[in-house]
Amino acid sequence: MPTDPLYRIDHQGAPRYALHRSQGWYLLDGDPFGVHAVGAALGTDAPQLLAPVLPSKIVAVGLNYRDHAAEMNKPLPAEPLIFLKPSTAVIGPGAAIVIPSGAGRVDYEAEVGVVIGKTARNVAAADAHEYVLGLTCVNDVSDRDLQRRDIQYTRAKGFDTFAPVGPCVAACDIDRAIAVGSRVNGETRQQSSTSELIFPIRHLIAFVTRVMTLLPGDIISTGTPPGVGPLAPGDEVVIAVEGVGELVNHVTASGAPST
Ligand code: MG
């Protein structure tokens, strides 16, 4: 893992990995999951950001904050409830969350995303940090009406654009309390900490990798704290994770001209 925050950017019309340092932006040559080196300096102007990784899958966790379970009047789960969000739902910073035509209530969910750095299978909780590239912000956008109607979450959480990720992958200590929150149109909606997690990050990596192999770039999205709520076309939604930064997206309706 590069020690500087890892980004993906549009560089002369092609996606490239990049680093941001106090002196400015730099291309990353090579493989951020393997052999790499700092490449050409790009100056200080902010480039167009893309989703920082291309996961083969996002493994998301339902109901993983004590304070959120209390808000929902639900008992604490005995083991993690996991579901998949498809790679095709991923969008980067600044891209539009598109509310599908005919959708009911579509919610934001601020989550800490754990980006996997190397192939992980049957990982012991004590070794879990060795498989983490870093953390990122995830917005687990959810169609609440479909989530209630369907037995499982594939449709409610799988629409194109329902997985904003970014702005970067930052190296973080997975054992410390990490602040996570959201704002809609500048108003704070969620503010909590991974100290409220029912199943901490180490436990999640062990649990998920007993089921499926995680590949470099895959993301475990660790669940959302209290304060989820609906989005409407025109809204700006910000997900903030301490040590990572802020992921900003706006909301449009299906069929609306893109901006
Ligand atoms: Mg969620």
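We count ligands from 1, going down the list as the structure has it; atoms in each ligand are counted the same way. Values below: all heavy atoms of this structure, side chains included; hydrogens, waters and symmetry mates excluded.
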Engineer: Run the salt bridge (Lys or Arg N to Asp or Glu O under 4.0 Å) test against E242 and tell me which residues pass, sequence neighbours left out.
Structural biologist: R176
Engineer: Please evaluate residues D140 and T224 with respect to the criterion side chain to side chain donor-acceptor pair (under 3.5 Å), reporting the C-alpha separation (whole Å), side-chain torsions for both, the decisive distance (0.1 Å), and the verdict.
Structural biologist: CA-CA 8 Å; D140 176 19; T224 201; over 6 Å; no
Engineer: Just to verify, what does R121 make a side chain to side chain donor-acceptor pair (under 3.5 Å) with, not counting sequence neighbours?
Structural biologist: none
Engineer: Parallel, tilted or perpendicular, judged at 30° and 60°: which one describes the rings of H203 and F207?
Structural biologist: parallel
Engineer: Return the set of protein N, O or S atoms whose distance to the Mg ion (ligand 1) is under 2.8 Å, each given as residue and atom.
Structural biologist: E109 OE1, E111 OE2, D140 OD2
Engineer: Scan the side chains in residues 18-25 for donor-acceptor partners under 3.5 Å anywhere in the protein, sequence neighbours excluded, and list what turns up.
Structural biologist:
{"from": "R21", "atom 1": "NE", "to": "D4", "atom 2": "OD2", "distance (Å)": "2.8"}
{"from": "R21", "atom 1": "NH2", "to": "D4", "atom 2": "OD2", "distance (Å)": "3.2"}

Engineer: Carefully, step by step, assess N185 and E236 under the rule side-chain contact (heavy atoms from CB on, under 4.5 Å).
Structural biologist: CA-CA 5 Å; N185 302 328; E236 179 195 75; 4.0 Å; yes
